[in-house]
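Working notes, beginning with the structure itself.
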Protein chains: 2
Amino acid sequence: MRMAKGVEWALHTLLNLDMIGGGPVGSGQLAEAHGLSASYLNKQLQLLARAQLVVSVPGPRGGFRLARPLEAITLLDVVEAIEGGTQLFQCTEIRCCGKIGELSPPPTGVCAVNAAMRRAEQAWRQALADQSLADIRVELDGTPMVRQIVRSALT
Amino acid sequence: MRMAKGVEWALHTLLNLDMIGGGPVGSGQLAEAHGLSASYLNKQLQLLARAQLVVSVPGPRGGFRLARPLEAITLLDVVEAIEGGTQLFQCTEIRCCGKIGELSPPPTGVCAVNAAMRRAEQAWRQALADQSLADIRVELDGTPMVRQIVRSALT
DNA sequence: GAAGGTATACTCGGATAACAGCTGTCCGAGTACATAAGG
DNA sequence: CCTTATGTACTCGGACAGCTGTTATCCGAGTATACCTTC
């Protein structure tokens, strides 16, 4: 079980978009900034656009720009935009199959195993929702001249 | 991103092993209990045996039995036994690649994005570690005659 | 009748294919700009 | 000189292969049991 690489790409790219500020930036430039595949990064940016985290501008001088300030974008927003809203643990209801399933009466409540796993997953989602990209930007600002580097790399 | 199906199989199977109690049960019987593939469940049980959650008994009348009471088995134990101890978010250090990587000085601390994702993952692992299989058994005991059904299905 | 050896059947254990989803790439649709022609 | 039509180049957007990891299966190694032979 591993998170899609696109999540990492999206997070760094969103931070770069904020560092630049202003007009839209093409996926090609954003990819060169970190040595990524432009086409595949574009795919991830399309997912972010569908989730309304960025807005896409077609045509020359087009590209992507942030749809909201970083304060209004949580880690959960990005993860769900890239990965989709699916659950980590997907209950197959095997309690209803096989000999035990045949001998048991039709279950009424939620599977106890599923409930326990969802509780843990909920803690994860909550921790993701509690951190915004602005919080990460604060840590990044500790390193010197980040903004200048990003701006010179993306122009 | 989806958790391996084997985690669900392992959790239900561990609970069944406790309901039965006593002697070892073969993977074939455990698989029939929920209509699973015996060979593949056996693979998962081998992973549980390596993690010392169950002990395997070879030969006829052999099988698997719990190595510890359910109180001493957490959800995290099972997840890590099946999935391995790998992180959900694996940082590729793309901050060191591309134009930004070339222009930036060699980074000293941990990547801020990675740190934030690990914090959330830590919350998940903690929530998994806080729940033992005995807690799930308590919920299961609410449903009537679970033990009799499991025992009659596994004999 | 008892002891020992042997064959057997049943289990785990690991090595081997089949499938799905992530990863990466390509080409078409659409748009803003630049250019050139006409009034 | 200003306006307008047109061509062009650059962008997003979605459709198309490749590859890693999960899912599923099969066969060999090892052992307790049952049986048969022998004393």
Side-chain angles (χ1 to χ4, degrees), chain A residues 1-10 13 17 23-32 34-65 67 79 81-90 92 94 97 154, chain B residues 1-10 13 17 23-32 34-65 67 79 81-90 92 94 97 154:
Chain A
M1 178 180 46
R2 183 186 165 180
M3 184 168 289
K5 213 178 286 186
V7 173
E8 184 185 8
W9 296 18
T13 299
L17 278 175
V25 185
S27 59
Q29 283 190 356
L30 291 168
E32 278 185 4
H34 286 301
L36 309 174
S37 158
S39 300
Y40 190 43
L41 178 63
N42 187 25
K43 199 186 189 71
Q44 314 303 329
L45 285 167
Q46 285 176 35
L47 293 173
L48 295 181
R50 286 185 194 169
Q52 299 189 339
L53 301 182
V54 299
V55 293
S56 65
V57 179
R61 308 276 297 170
F64 297 89
R65 60 182 168 79
V79 169
I82 302 294
E83 297 276 355
T86 63
Q87 306 254 354
L88 277 81
F89 182 87
Q90 293 178 15
T92 324
I94 61 175
C97 307
L154 284 173
Chain B
M1 181 180 45
R2 183 186 165 180
M3 183 168 290
K5 214 179 285 187
V7 174
E8 183 185 9
W9 295 18
T13 300
L17 277 176
V25 185
S27 58
Q29 283 189 356
L30 291 168
E32 277 186 4
H34 286 301
L36 309 174
S37 158
S39 300
Y40 190 42
L41 178 63
N42 187 24
K43 197 186 189 73
Q44 313 304 329
L45 285 167
Q46 285 177 34
L47 293 173
L48 295 181
R50 286 186 194 170
Q52 299 188 339
L53 301 182
V54 299
V55 292
S56 65
V57 179
R61 306 278 298 173
F64 297 89
R65 59 182 167 80
V79 169
I82 301 294
E83 297 276 354
T86 64
Q87 305 255 353
L88 277 76
F89 182 86
Q90 293 179 14
T92 325
I94 62 174
C97 307
L154 284 173

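Labels below follow one simple rule: chain letters A, B, ... track the order of the sequence lines, proteins then strands, and each chain is numbered from 1.
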Q: Output yes when at least one side-chain N/O atom of A:Ser37 is less than 4.0 Å from OP1 or OP2 of C:dT23, else no.
A: no

**Q.** A:Glu8 and B:Thr92 side chains, donor-acceptor separation under 3.5 Å
**A.** yes

Q: Verify the contact: side-chain N or O of A:Ser56 to OP1 or OP2 of D:dG13, cut-off strictly under 4.0 Å; return yes or no.
A: yes

(Q) From CG of B:Leu17 over to P of C:dC12, roughly how many Å is that when rounded to an integer? (A) 11 Å

Q) Nearest-Å distance, CG (A:Leu48) to P (D:dC12)? A) 13 Å

(Q) Which heavy atom of A:Gln29 sits nearest to which heavy atom of A:Leu154, and what is that distance? (A) OE1-O, 3.1 Å

Q: Measure the shortest side-chain to side-chain distance between B:Val54 and B:Thr13 over non-hydrogen atoms and say whether it is less than 4.5 angstrom.
A: no

Q: Provide, to the nearest angstrom, the distance between the CG atom belonging to A:Asn42 and the P atom belonging to C:dA29.
A: 17 Å

Q. B:Gln46 side chain N/O closer than 4.0 Å to the phosphate oxygens (OP1, OP2) of C:dG14?
A. yes

Q: Please tell me which of the listed nucleotides, D:dA9, C:dT23, C:dA9, lies nearest to the side chain of A:Tyr40?
A: C:dT23

Q. Counting just side-chain N and O atoms, does B:Arg50 come under 4.0 Å of either OP1 or OP2 of C:dG14?
A. yes

Q. Starting at CD of B:Gln44 and ending at C1' of D:dT25, how long is that distance when rounded to a whole Å?
A. 13 Å

Q. Which is it for A:Gln44 and A:Ile82 under the side chain to side chain contact (heavy atoms under 4.5 Å, CB included) test, yes or no, and what are the steps along the way?
A. CA-CA 7 Å; A:Gln44 314 303 329; A:Ile82 302 294; 3.6 Å; yes

**Q.** side chain to side chain contact (heavy atoms under 4.5 Å, CB included) assessment of A:Leu45 paired with A:Leu30
**A.** CA-CA 10 Å; A:Leu45 285 167; A:Leu30 291 168; 4.0 Å; yes

With 3.5 Å as the limit, what N/O pairs link the protein to nucleotides 15-21 of chain C?
none

**Q.** Minimum-distance pair of heavy atoms, taken over all atoms of A:Gly28 and A:Ala38
**A.** CA-CB, 4.1 Å

Q | Side chain of A:Ala4 (C-beta onward), nearest among C:dC22, D:dT22, D:dG13 | A | C:dC22

Q.
Please find the pair of heavy atoms, one from B:Gln52 and one from B:Ala67, that lie closest to each other, and give the distance.
A. O-CB, 3.6 Å

Q: Give the rounded distance in Å between these two atoms: CG of B:Leu41 and C1' of D:dA24.
A: 12 Å

Q | Protein-nucleotide distance (A:Gln29, atom CD; D:dC10, atom C1'), rounded to Å | A | 12 Å

Q | Whole-Å distance separating the CZ atom of B:Arg61 from the P atom of D:dT31 | A | 18 Å

Q) Between B:Phe64 and A:Pro58, which has a closest nucleotide on DNA chain C that is more 5'? A) B:Phe64

Q) Looking only at heavy atoms, what is the nearest atom pair of B:Phe89 and A:Val7, with distance? A) CE1-CG1, 4.3 Å

Q) Between A:Met3 and A:Pro60, which is nearer to the 5' end of DNA chain C once each is assigned its nearest nucleotide? A) A:Met3

Q) For the pair made of CD1 in B:Ile94 and P in C:dG24, what is the distance, rounded to whole Å? A) 11 Å

Q.
Please determine whether a side-chain nitrogen or oxygen atom of B:Ser27 lies at a distance below 4.0 Å from atom OP1 or OP2 of C:dC12.
A. yes

(Q) Which heavy atom of A:Leu48 sits nearest to which heavy atom of A:Ala10, and what is that distance? (A) CD1-CB, 3.9 Å

(Q) Restricting to non-hydrogen atoms, name the atom on A:Met3 and the atom on A:Glu83 that form the minimum distance, rounded to 0.1 Å. (A) CG-OE2, 3.2 Å

Q) Got a sec? Which of residues 82-89 of chain A come in under 4.0 Å of DNA chain D, heavy atoms? A) none

